[in-house]
Amino acid sequence: MKILVCISHVPDTTSKINFSDSDTKFDTNGVQFVINPNDEFGLTRAMWFKEKQGASVTVVNVGGAETESTLRKALAIGADEAIRVNAPATDGFSVAKQIANVVSTGNYDLVIAGRESIDYNGGMVPGMIAGLINANFVNNCIGLEVDGTSAKAIREIDGGKETVSTSLPLVIGGQKGLVEESDLRIPNMRGIMMARKKPLNVAEAIDTNPETASVSFEKPTPKGAVTLVSSDNLDELVNLLHNEAKVI
């Protein structure tokens with residue numbers, strides 16, 4: 001079985017986020033980047049298939065050379081090879097088309113992507129990949145077993161979970177629960193040294209036209225923000241208590 005794991009290069013959630021150029025661009029200065037958490041669950045499940053069933057595991061990312069450190073970490077965790085599609089990740093549709101091209105070229109049986117990335121939270125790429133390559137698709141996946149060309153998946157639904165049977169080729173949108181957090185792997189020294197010898201191939205991008213563009217960014221209101229109201233304006237105070245603080 002050939003598995004392709006999609007890896008997003010995302011800011012660490014502990015990083016301080018800022019914007020530049022009048023809030024139209026994300027400022028990467030001083031930001032630490034990591035493997036997208038939902039993708040890390042998927043990579044760990046792919047490693048289980050590698051160790052138990054002899055699957056081959058390739059990781060793929062759409063981005064510039066700055067993303068290669070994240071791909072190297074995935075190789076250190078145990079992936080066999082990596083592919084970086086040399087194109088900026090401009091929008092979900094463009095990313096999906098680039099990855100769909102990689103899938104078609106490499107004849108992969110199973111594509112494991114995160115349900116969404118934690119930077120833009122678009123939640124669209126896995127489903128688009130499945131549509132573009134005409135493969136079965138299971139989103140919000142929290143369990144996956146493969147037997148030959150048949151697969152059984154568990155996905156979260158409103159109010160519970162659902163078990164479905166399907167067949168390969170298959171694309172899943174994985175999330176927390178696909179493996180336990182305790183199963184996530186930290187690269188050891190041996191894995192890091194081996195990763196340096198594993199292939200990291202750079203593929204030229206196919207022509208795509210972005211369907212969306214980010215116009216501007218805005219930070220959310222800090223938690224615990226306090227609005228000061230003059231004691232002379234009791235009507236405004238009552239309105240804030242009733243409509244914002246929900247005091248009846």
Side-chain angles (χ1 to χ4, degrees), residues 1-8 35-62 71 74-75 77-83 85 92-93 95-117 122-185 198-199 201 203:
M1 178 168 59
K2 293 183 65 177
I3 303 176
L4 184 70
V5 181
C6 304
I7 299 293
S8 293
I35 298 174
N36 180 50
N38 286 321
D39 301 341
E40 194 168 3
F41 288 115
L43 177 59
T44 304
R45 190 59 181 166
M47 294 307 304
W48 187 91
F49 287 122
K50 175 182 176 179
E51 293 164 0
K52 302 295 184 181
Q53 300 183 6
S56 65
V57 178
T58 301
V59 291
V60 64
N61 166 263
V62 178
L71 286 174
L75 290 172
I77 288 173
D80 299 303
E81 64 176 326
I83 300 171
V85 180
F93 184 65
V95 170
K97 288 193 71 174
Q98 300 295 347
I99 296 176
N101 181 61
V102 172
V103 177
S104 299
T105 303
N107 295 315
Y108 293 94
D109 304 297
L110 174 63
V111 179
I112 300 178
R115 179 190 67 182
E116 62 183 358
S117 60
M124 64 184 76
V125 171
M128 287 180 173
I129 295 171
L132 289 167
I133 66 173
N134 194 30
N136 295 318
F137 175 53
V138 178
N139 202 19
N140 302 326
C141 189
I142 56 173
L144 180 64
E145 301 286 346
V146 178
D147 183 8
T149 60
S150 300
K152 182 176 288 186
I154 303 172
R155 62 185 176 190
E156 280 194 345
I157 59 173
D158 289 342
K161 57 186 180 181
E162 178 182 40
T163 300
V164 296
S165 295
T166 184
S167 60
L168 306 182
L170 173 66
V171 180
I172 70 164
Q175 63 180 59
K176 181 179 178 180
L178 190 58
V179 297
E180 298 297 327
E181 287 191 74
S182 59
D183 293 328
L184 297 177
R185 306 182 181 194
K198 294 179 180 179
N201 304 305

Euclidean distance, N38 CG relative to N140 CG, rounded to 0.5 Å: 9.5 Å
Gap between atom CE of M1 and atom OG1 of T149 - 0.5 Å precision: 11.0 Å
Distance-only polar pair, side chains of T44 and D183, donor-acceptor under 3.5 Å: no
Gap between atom CZ of F41 and atom CD of Q175 - 0.5 Å precision: 9.0 Å
pair L43-I77: side-chain heavy atoms closer than 4.5 Å: yes
Chi angles and distances behind the side-chain contact (heavy atoms from CB on, under 4.5 Å) call for L170, V111: CA-CA 6 Å; L170 173 66; V111 179; over 6 Å; no
Close side-chain approach of F137 and T166, heavy atoms under 4.5 Å: no
Validation row: N36, I7 side chains within 4.5 angstrom (heavy atoms): no
Summary of salt bridge (charged side-chain N to carboxylate O under 4.0 Å, His left out) pairs that have at least one residue in residues 37-46, sequence neighbours excluded: R45-E145
Residue pair S150 / L168, side-chain heavy-atom distance below 4.5 Å: no
Verdict with reasoning, N136 to V171, per side-chain contact (heavy atoms from CB on, under 4.5 Å): CA-CA 6 Å; N136 295 318; V171 180; over 6 Å; no
Side-chain ion pair, K50 and D80, N-O less than 4.0 Å: yes
Atom pair CD1 (I3) and OH (Y108), whose distance is rounded to the nearest 0.5 Å: 11.0 Å
Flag, side chain of D109 to backbone of P169, donor-acceptor distance under 3.5 Å: no
Under-4.0 Å salt bridge between K152 and E162: no
Minimum-distance pair of heavy atoms, taken over all atoms of V59 and A79: CG1-CB, 3.8 Å
Close side-chain approach of C6 and V125, heavy atoms under 4.5 Å: no
Spatial distance of atom CG (L144) from atom CG (L178) [nearest 0.5 Å]: 6.5 Å
For A82 against L75, the heavy-atom pair lying closest together: N-CD2, 3.8 Å
Side chain K2, main chain G106, donor-acceptor under 3.5 Å: yes
N/O donor-acceptor pair under 3.5 Å between N201 side chain and I83 backbone: no
Salt bridge (charged side-chain N to carboxylate O under 4.0 Å, His left out) between K161 and E156, intermediate numbers included: CA-CA 4 Å; K161 57 186 180 181; E156 280 194 345; over 6 Å; no
Closest heavy-atom pair and its distance - V138, A153: CG1-CB, 4.0 Å
Check: W48 and Q53 side chains under 4.5 Å, non-hydrogen atoms: yes
Min side-chain heavy-atom separation V5-V60 under 4.5 Å: no
Value rounded to 0.5 Å, distance of NZ in K198 from OG1 in T58: 10.5 Å
Test item: I112 and L4 side chains (from C-beta on) under 4.5 Å apart, heavy atoms: no
